[in-house]
Amino acid sequence: LKRGLVYKLLDQLVEMGLAEKDKPDGAPAIFKPAHPLKLKELAEKREKQAKDAQMILEGAMQAMVSDFNMVSGKPNVRFYEGKEGLIKIYEELLDENAPMDSIEDKGEMAEFLPDYFPKFIQKRIKRGIYNRVVCPAGNPINKTNDAELRETRNISAKEYPLSMDIKIVNNKVSLMTLRKKTAIGILIDHPEIAENFKILFRYMWDSLDGS
């Protein structure tokens with residue numbers, strides 16, 4: 001190897017912490033290897049950097065995919081699992097700060113997310129988000145309540161035993177099952193799909209008398 005390249009490589013090793021450099025006044029630079037444990041420290045540092053980079057990428061990926069799909073005309077569809085995943089969907093819907101239409105189950109949200117459910121309602125009220133709800137009669141948590149900015153219309157629980165929570169907000173539609181072992185959520189961001197769900201909701205809403 002040429003002298004210039006050797007110095008460059010040695011300086012890189014020093015920068016990485018794998019070598020040490022001593023340069024007495026007027027004397028050539030002297031390089032010596034660092035303790036072998038420095039290799040382990042470097043590997044752990046690189047591993048942490050890779051994990052941090054992955055977290056940053058995951059955080060930005062959804063927005064990147066959403067922008068790409070909007071430009072290409074494709075719907076942005078994301079899948080979530082478990083309690084944390086479903087809470088992310090609810091939080092994203094709240095961030096729309098727009099009226100919410102819901103086709104709900106018999107009240108499983110309160111059972112599946114007992115700690116988060118009251119927080120969701122309070123956040124919705126604080127942001128002034130009005131919620132129209134269609135759900136089976138007997139749902140104990142979604143009765144019409146002016147203070148909670150909610151109007152509910154009921155369907156027969158026997159004839160229409162809904163077991164999902166469907167929400168439509170702006171251009172987003174969420175479909176969620178709230179069973180402990182199979183909790184899964186799908187969030188679709190697409191204007192045409194959302195518009196068709198709004199039409200279906202309006203048909204159900206107008207067919208019910210609000211009693």
Side-chain angles (χ1 to χ4, degrees), residues 1-98 109 111-120 122-124 126-127 165 167 169-191 193:
L1 297 178
K2 294 183 178 179
R3 174 186 290 269
L5 178 58
V6 171
Y7 272 108
K8 182 178 180 180
L9 294 173
L10 287 171
D11 284 335
Q12 289 178 350
L13 289 173
V14 171
E15 191 174 326
M16 295 167 64
L18 300 180
E20 297 175 0
K21 180 179 181 180
D22 185 22
K23 189 174 182 182
D25 291 339
I30 299 173
F31 294 87
K32 60 181 180 179
H35 194 283
L37 285 176
K38 289 291 184 179
L39 283 168
K40 185 173 182 294
E41 292 176 7
L42 177 63
E44 291 172 347
K45 180 180 179 181
R46 290 288 174 85
E47 183 179 9
K48 183 179 183 303
Q49 289 174 337
K51 289 181 179 178
D52 291 344
Q54 184 177 0
M55 289 180 63
I56 293 171
L57 177 61
E58 289 176 353
M61 183 60 68
Q62 289 185 356
M64 293 167 64
V65 170
S66 178
D67 291 342
F68 175 83
N69 287 336
M70 289 297 288
V71 171
S72 62
K74 298 178 180 178
N76 177 15
V77 182
R78 284 170 277 159
F79 297 86
Y80 298 85
E81 291 182 313
K83 292 184 177 181
E84 292 184 1
L86 299 192
I87 289 174
K88 286 182 179 179
I89 293 178
Y90 284 120
E91 288 291 309
E92 185 162 338
L93 294 176
L94 287 172
D95 287 342
E96 291 292 308
N97 290 313
M109 181 182 178
E111 296 178 9
F112 185 66
L113 300 170
D115 296 328
Y116 176 74
F117 172 68
K119 296 177 183 177
F120 173 80
Q122 291 304 313
K123 287 181 178 181
R124 183 174 58 73
K126 186 175 181 180
R127 300 183 189 192
D165 182 5
K167 285 184 165 42
V169 185
N170 285 339
N171 290 331
K172 295 182 178 179
V173 178
S174 66
L175 305 104
M176 293 177 276
T177 63
L178 299 166
R179 301 181 185 278
K180 291 182 179 179
K181 294 183 179 180
T182 58
I184 188 171
I186 302 171
L187 186 61
I188 305 170
D189 188 347
H190 192 268
I193 292 175

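A search for side chain to side chain donor-acceptor pair (under 3.5 Å) contacts involving R46 returns nothing, not counting sequence neighbours. Taking K2 as the reference, nothing meets the salt bridge (Lys or Arg N to Asp or Glu O under 4.0 Å) condition, with sequence neighbours excluded. For K51, the salt bridge (Lys or Arg N to Asp or Glu O under 4.0 Å) criterion is met by E47, not counting sequence neighbours. Evaluation of the salt bridge (Lys or Arg N to Asp or Glu O under 4.0 Å) rule for K38 yields E41 as partners, not counting sequence neighbours. Considering only residues two or more places apart in sequence or on other chains, E81 meets the salt bridge (Lys or Arg N to Asp or Glu O under 4.0 Å) condition with none of them. In this structure N97 satisfies the side chain to side chain donor-acceptor pair (under 3.5 Å) test with no other residue, sequence neighbours excluded. In this structure, the side chain to side chain donor-acceptor pair (under 3.5 Å) partners of D52, at least two apart in sequence or on a different chain, are K48. Take F120 and apply the ring-ring contact (aromatic ring centres under 6.0 Å, His included) test, not counting sequence neighbours, and it matches Y90. Under the side chain to side chain donor-acceptor pair (under 3.5 Å) criterion, K32 pairs with no residue, sequence neighbours left out.
Of all non-hydrogen atoms in F112 and A183, the two that sit nearest each other are CZ-CB, 3.3 Å. Annotation for S174 and L93: closest pair OG-CD1, 3.5 Å, computed over non-hydrogen atoms.
The CD atom of Q54 lies 11.0 Å from the CD1 atom of I56; values are rounded to the nearest 0.5 Å. Interatomic distance, K119 NZ to E91 CD, rounded to the nearest 0.5 Å: 9.5 Å. Distance CE/M176 to NZ/K167: 5.5 Å, rounded to 0.5 Å. One distance of note links CG of L86 with CG of L187; it measures 11.0 Å at 0.5 Å rounding. N171 CG to N76 CG: the interatomic distance, rounded to the nearest 0.5 Å, is 11.5 Å.
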Which side-chain N or O atoms in residues 5-20 pair as donor and acceptor under 3.5 Å with protein atoms at least two apart or in another chain?
residue: D11; atom: OD1; partner: K21; partner atom: NZ; Å: 3.4

Next on the checklist: Applying salt bridge (charged side-chain N to carboxylate O under 4.0 Å, His left out) to R127 and D95, what does each step give before you reach the verdict?
Outcome noted: CA-CA 9 Å; R127 300 183 189 192; D95 287 342; 3.0 Å; yes
Item to check | Residues L94, R124; criterion side chain to side chain contact (heavy atoms under 4.5 Å, CB included); working and verdict | outcome: CA-CA 7 Å; L94 287 172; R124 183 174 58 73; 3.9 Å; yes
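With respect to the salt-bridge test (charged N to carboxylate O, under 4.0 angstrom), the residues E44 and K40 qualify.
Residues E92 and R78 meet the side-chain proximity criterion, which asks for heavy atoms closer than 4.5 Å.
Atom CD of Q49 has more than 12 neighbouring heavy atoms from other residues, nucleotides or ligands inside a 6.0 Å radius.
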